[in-house]
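One-based numbering, in listed order, for ligands and for the atoms of each. Residue numbers count from 1 along this sequence.
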Amino acid sequence: MNTPSPPDEPRGGPSGPRADEPTDGRGSPVGRRLVLGMLGLGAAGIAAAPVLQRGVEAVAAKDPTGLTDVLPAGGGFRYYSVVASVPRKNEDTYRLTVDGLVEHKATYTLGELRALPQTRIVRDVQCVTGWRVPDTPFQGVVLSALLDAAGVRPEGRAIRFECFDGAYSESLTLQQARRKDVLVAHRMRDKDLSHAHGGPVRLYVAPMYFYKSAKWLSRITVTDKVIPGYWEERGYDIDAWVGRSNGRDDNPTA
Ligand SMILES: Nc1nc2c(c(=O)[nH]1)N[C@H]1C(S)=C(S)[C@@H](COP(=O)(O)O)O[C@H]1N2
Ligand SMILES: [Mo]
């Protein structure tokens with residue numbers, strides 16, 4: 001095994017896990033100073049900080065950084081969006097495109113995704129900044145089933161994910177994308193995925209930090225190499241295994 005070294009402190013992003021990380025703090029307001037400390041942000045980082053909101057986009061609009069609204073959201077989750085406002089999509093308007101290096105490009109409606117064989121996974125959600133939500137059920141279609149249906153061409157090596165927020169993106173290698181614990185999810189905690197949590201459809205990459213789980217998923221493109229996603233372009237690890245990336249090595253083998 002390699003021994004990962006901490007990435008350079010990403011400017012404007014939440015820092016990787018650290019020993020003095022606050023625990024959840026669910027239910028109680030988080031002060032601005034604590035928030036800045038939590039995120040490991042210097043003053044220069046504030047403007048570019050991820051927009052963290054309570055799920056009320058109008059509130060965040062008054063404070064573009066969203067930092068005054070970093071409060072634990074329902075059940076220990078925190079709302080993240082890198083843009084201030086995200087359009088809402090429903091049963092009628094939602095579409096998911098699968099394209100790139102495939103034999104058959106495909107477009108799915110929400111109804112079509114619901115009609116495919118379903119997988120339910122119960123694991124801990126783990127954000128790279130330290131907060132965790134234990135035993136969270138996600139349900140949807142295994143990504144590999146959509147890839148098989150499209151027919152990945154031999155030159156396909158990786159997947160790029162795009163979102164209808166118009167800004168966020170993510171990536172996986174083809175091998176990672178074919179894991180059984182990577183879902184195109186439309187349910188969380190046995191309810192339809194809410195808009196705040198990336199509904200109607202988000203990616204769910206169970207073994208990786210939650211930033212890999214792109215919300216508001218709109219496009220899955222097979223590519224010939226990994227194209228770093230939004231946070232990876234800002235210093236986060238592309239291979240974001242929980243406990244084995246972003247400066248963590250919870251089970252050193254050396
Ligand atoms: N489109 C989009 N997806 C995203 C993000 C984002 O800002 N935009 N943030 C990521 C991060 S850092 C986390 S921790 C989770 C937060 O998901 P939640 O808002 O459901 O808690 O979404 C991930 N997916
Ligand atoms: Mo995150």
D165 versus Y230, side-chain donor and acceptor atoms under 3.5 Å:
no
Indicate whether any N or O donor in one side chain lies under 3.5 Å from an N or O acceptor in the other, for T221 and D99.
yes
Is there a heavy atom in [X] that sits closer than 4.0 Å to ligand 1?
X    : answer
G198 : no
K212 : no
A167 : no

Verdict with reasoning, D237 to E232, per side-chain contact (heavy atoms from CB on, under 4.5 Å):
CA-CA 6 Å; D237 284 355; E232 287 97 35; over 6 Å; no
I need the atoms of ligand 1 closer than 4.0 Å to a non-hydrogen atom of [X], numbered in the order shown.
X    : value
V82  : 7 (O)
A196 : 19 (O)
R78  : 18 (P), 19 (O), 21 (O)
C163 : 1 (N)
Y79  : 19 (O)
C127 : 14 (S)

Could you go step by step and tell me if T107 and L96 meet the side-chain contact (heavy atoms from CB on, under 4.5 Å) rule?
CA-CA 5 Å; T107 303; L96 175 65; over 6 Å; no
Do other residues, nucleotides or ligands put more than 12 heavy atoms under 6.0 Å from Q175 CD?
no
Taking the six-membered ring of F164 as reference, does the NZ or CZ atom of K89 fall below 6.0 Å from its centre and within a 45° cone about the axis?
yes
Y204 ring centre to K212 NZ or CZ under 6.0 Å, with the angle to the axis within 45°?
no
Can you tell which part of D165 has a heavy atom less than 4.0 Å from ligand 1: side chain, backbone, both or neither?
side chain
At under 4.0 Å between heavy atoms, which part of W216 makes contact with ligand 1: side chain, backbone, both or neither?
side chain
From the candidates [options], the one that places a heavy atom nearest [atom]:
atom                    : options          : answer
atom 16 (C) of ligand 1 : F161, W231, F210 : F210
atom 12 (S) of ligand 1 : W131, Y211, Y204 : Y211
atom 2 (C) of ligand 1  : Y230, Y209, Y168 : Y168

Consider only side-chain heavy atoms of I, L, V, M, F, W and Y, link residues closer than 4.5 Å, and tell whether W231 and V226 are in one cluster.
no
Keeping the roles fixed (side chain from Q118, backbone from L113), state whether a donor-acceptor pair exists under 3.5 Å.
yes
